[in-house]
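Predicted model only: the values in this text are computed from it and were never measured. Just so we're on the same page: letters track the sequence lines, and every chain starts at 1.
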Amino acid sequence: MKNVEIVKIFEEIADFLEILNENPFRIRAYRKAAKTVEALAEPVDTLTPEELIKLPGIGKDLAGKINEYIETGRISLHEELKNKIPEGLLNVMKIPGVGPKTAAFLYEKLNLKNIDELEKALFEGRLKGLPGFGPKTEENLRKGIMMFKKGRERIPLSKALPIAREIAHVLKEKSGVKKIEIAGSIRRWKETVKDIDIICATDKPEMVTLAFVKIPGIKEVIAKGPTKVSVIHKSDIQVDLRVVEEKSYGSALAYFTGSKEHNIRVRDLARQKGLKINEYGVFKESDETFIAGQKEEDVYCAVGLPWIPPELREDRGEIEAALKNKLPEIIQLSDIKGDLHIHSNYSDGAHSIEEIVISSIKRGYSYIAITDHSKGLGVARGLTEERILAQKEEIEKLARRYPEILILHGIEVNIQPDGSLDLPDEVLQELDIVIASVHSAFKQSENEMTERVIKAIKNPFVHIIGHPTGRLLGQREPYSINIDEIIRNAKKYGKFLEINSYPLRMDLNDINARKAKDLEVKVVINTDAHATAQLDYIIYGISVARRAWLEKNDILNTMKTEELLELIKK
DNA sequence: GCCGTTTTCGGCCCGACTGTTTTCAGTCG
């Protein structure tokens, strides 16, 4: 898609301009435009020049550059910059601790054009004596290069969240800590995160920062000042702690929850009101009078906004909605009435149906669906028609024993490479609920895959398309599929799309789930649990839904039992 | 390079920490 390519080029232009020490606002304009194109739902080449110019941060010049790329496949400014500056410097800038100034300086002084040359120069001691390069800087460069080579890839939320919670929990008990909360992208429930941010209110900052660096599991202290400490946890995740006075707690929390784009918009509103926002509070611009800061609500209120849930803070329209008081009432855990994708020990699940039923009743669910794999998935002991009948009998028996919950007999049927299902319609017809999922031939072309799934959508006995894009965070890219086309067909044939809560899936993702909402396609938030404890994964699916602005009515399994039965009968 | 409820010019978010310097530039978030 051209969008991705344009984003990359704009980012590179910004990097090059930084090396050239250009006007910082011009540089920011390129970065902002890159963000805008990145967030765009439709391909840029479907937009007219007039529509392009209306996009935020894209004016006459940048619209022209986008058009130039669409027409010629290149942007002349980008080509000129590449001729002027070695591309390797862009990587040098990616070394932690190295920015445009350092990269440019090393290039000018020592003609270092890439990381390899920098490494060699370090080894040969050629940096010694350069102004500003002491022993510490050299050491940091060595470390930085190592970090870069290791690849600072983003961490799945499900890995970072438990670590963050553990650290916050330990720190909470330390004396001096009045309030503590996880901030940053974890608080926004972003599917992957770069580091862990923790905000703490205290009167005794030095006590808290000292306790923090002593927490078991902290292996290295990167930076430690009176109010801010950065450490590396043994899991190699960076943890940043920020301590403030209680009266600044809300503004610090807002500030470090981000996103950056969201904060910039909020500050912009503040500026228009003659106010200034930083991590210490909201102040009058004229005389620095403290206006607000203790609670997040107060900070938003000061600029004329209602409190905005962290999951929405991405500058994807939430500011505009908040200004009109039209923020969505995004769903909560308590809205979920049941889980419609659970595996039992009939296939590859760990627990019996009865154990699942008991665990679900404990969670207060009104209904669940047992959806084991169908026979095609040999590795998962997929069910044959005979086993399905046996399962049906057991479910009927359990239904009599546990009348407080509705147990639906379902299946997760395989969508085969040709789009057919690996159980005949006569069998599917007998089941209460049918999820159809792709589990094989991931490498098909976008056309083949899209047609394949659409064929499954058209099957009258299929209710839900499971994990529609097949991605596994950090392990497997989504398969090539035209998700817009899938959503349109789900709409046309009255089918539901799954938000699979399995932590590495979170599939649909937030962007696609919001597209589904826009086209009025209901989604269903399932866990795909293979053990009763995994029913807790529902929080990850809910976070996707919240980030996608989904409300109760957009979701199948928030419905009351009767409504659900009515909907899946159709 | 973008943008406009004091503006088509003159603004553009804001502060902490490090390493080296001797008052601050560079980097980061």
Classify the nucleic acid contact of A:Lys273 as base, sugar-phosphate or nothing, counting any heavy atom under 4.0 Å across all strands shown. nothing
Within this structure, what is the CG-to-C1' distance between A:Leu81 and B:dG1, rounded to whole angstrom? 14 Å
Let me know the distance between CG of A:Asn278 and C1' of B:dG29, rounded to the nearest Å. 14 Å
B:dT23 and B:dC17: how far apart are their C1' atoms, nearest whole angstrom? 16 Å
Which residue, A:Lys2, A:His78, A:Glu5, A:Arg74, forms the side chain to side chain donor-acceptor pair (under 3.5 Å) with A:Tyr69? A:Glu5
Provide, to the nearest angstrom, the distance between the CZ atom belonging to A:Arg31 and the P atom belonging to B:dG29. 13 Å
Could you go over nucleotides 3-8 of chain B and give all protein N or O partners under 3.5 Å, atom names and distances?
residue, atom, partner, partner atom, Å
B:dC3, OP1, A:Gly57, N, 2.8

Between B:dG10 and B:dG15, how far apart are the two C1' atoms, rounded to whole Å? 24 Å
Tell me, yes or no, whether the heavy-atom count around A:Lys82 atom NZ, taken from other residues, nucleotides or ligands under 6.0 Å, exceeds 12. yes
Whole-Å distance separating the CD1 atom of A:Ile6 from the P atom of B:dG1: 16 Å
Test salt bridge (Lys or Arg N to Asp or Glu O under 4.0 Å) on A:Arg265 and A:Glu320; report intermediate values, then the result. CA-CA 10 Å; A:Arg265 292 295 308 277; A:Glu320 289 76 5; 3.1 Å; yes
Does a sphere of radius 6.0 Å around NZ in A:Lys219 hold more than 12 heavy atoms from other residues, nucleotides or ligands, not counting ones at 6.0 Å or beyond? yes
Annotated structure of DNA chain B as dot-bracket, pair cut-off 3.5 Å, Watson-Crick or G-U only, | for inter-strand, is ((((....)))).((((((....))))))
Given the C1' atoms of B:dT7 and B:dC12, what is the spacing between them in whole Å? 13 Å
Between side-chain atoms of residues 92-115 of chain A and protein atoms elsewhere (two or more places apart, or another chain), which donor-acceptor pairs fall under 3.5 Å?
residue, atom, partner, partner atom, Å
A:Lys94, NZ, A:Asn91, OD1, 3.3
A:Asn114, OD1, A:Asp116, N, 3.2
A:Asn114, OD1, A:Glu117, N, 2.9

Starting from P on B:dG15, measure out to CD1 on A:Ile277 and report it in whole angstrom. 12 Å
Expressed in angstrom and rounded to an integer, what is the separation of A:Gln238 atom CD from B:dG29 atom P? 6 Å
In terms of heavy-atom contacts, does NZ of A:Lys224 have more than 12 from other residues, nucleotides or ligands at under 6.0 Å? yes
Taking atom types as modelled, is there a side-chain donor on A:Asp240 or A:Gln238 under 3.5 Å from an acceptor on the other? yes
Regarding A:Glu68 and A:Ser76, do their side chains bring together a donor and an acceptor under 3.5 Å, going by distance alone? yes
Taking syn as any angle within 90 degrees of 0 and anti as the rest, which one fits B:dT21? anti
Rounded to whole Å, please give me the gap between NZ in A:Lys194 and P in B:dC28. 9 Å
N/O donor-acceptor pair, side chain A:Asn23 with base B:dG1, under 3.5 angstrom: yes
For A:Asp268 and A:Ala103, take the nucleotide of DNA chain B holding the closest heavy atom to each; which residue's nucleotide lies nearer the 5' end? A:Asp268
Is A:Arg142 close to A:Leu122 at the side-chain level, that is, under 4.5 Å between some pair of heavy atoms? yes
Considering only atom P, compute the distance from B:dT20 to B:dA16 and round it to an integer number of Å. 22 Å
Summarise how protein sits on nucleotides 16-26 of chain B as a single string, 5' to 3': B when a protein heavy atom is under 4.0 Å from the base, S for sugar-phosphate-only contact, - for no contact. SSSSS-----S
Of all pairs that satisfy side-chain hydrogen bond (donor to acceptor under 3.5 Å, both in side chains), the ones with a partner from residues 55-64 of chain A, not counting sequence neighbours: A:Asp61-A:Lys65
Counting the atoms with a prime plus P, OP1 and OP2 as sugar-phosphate, which does A:Ile27 contact under 4.0 Å by heavy atoms, base, sugar-phosphate, or nothing? nothing
Please confirm whether the backbone N or O of A:Gly470 pairs with a side-chain atom of A:Asp507, one donor and one acceptor, at under 3.5 Å? yes
For the P atoms, the ones on B:dT6 and on B:dC2, what distance do you get once it is rounded to whole angstrom? 24 Å
Return the minimal non-hydrogen interatomic distance between A:Pro468 and A:Ile481, and the atom names on each side. O-CD1, 3.9 Å
Identify every side-chain donor-acceptor pair in residues 174-190 of chain A under 3.5 Å, counting partners at least two apart or on other chains, and give the distances.
residue, atom, partner, partner atom, Å
A:Lys178, NZ, A:Asp203, OD1, 3.2
A:Lys178, NZ, A:Asp203, OD2, 2.9
A:Lys178, NZ, A:Glu246, OE1, 3.2
A:Glu181, OE1, A:Tyr249, OH, 3.4
A:Arg187, NH1, A:Thr257, OG1, 2.7
A:Arg187, NH1, A:Glu296, OE2, 2.8
A:Arg187, NH2, A:Glu296, OE1, 2.9
A:Arg188, NE, A:Glu314, OE2, 2.8
A:Arg188, NH1, A:Thr257, O, 2.7

Separation of the C1' atoms in B:dG1 and B:dT5, to the nearest angstrom: 24 Å
A:Glu22 atom CD is separated from B:dG1 atom C1', nearest whole Å, by 10 Å
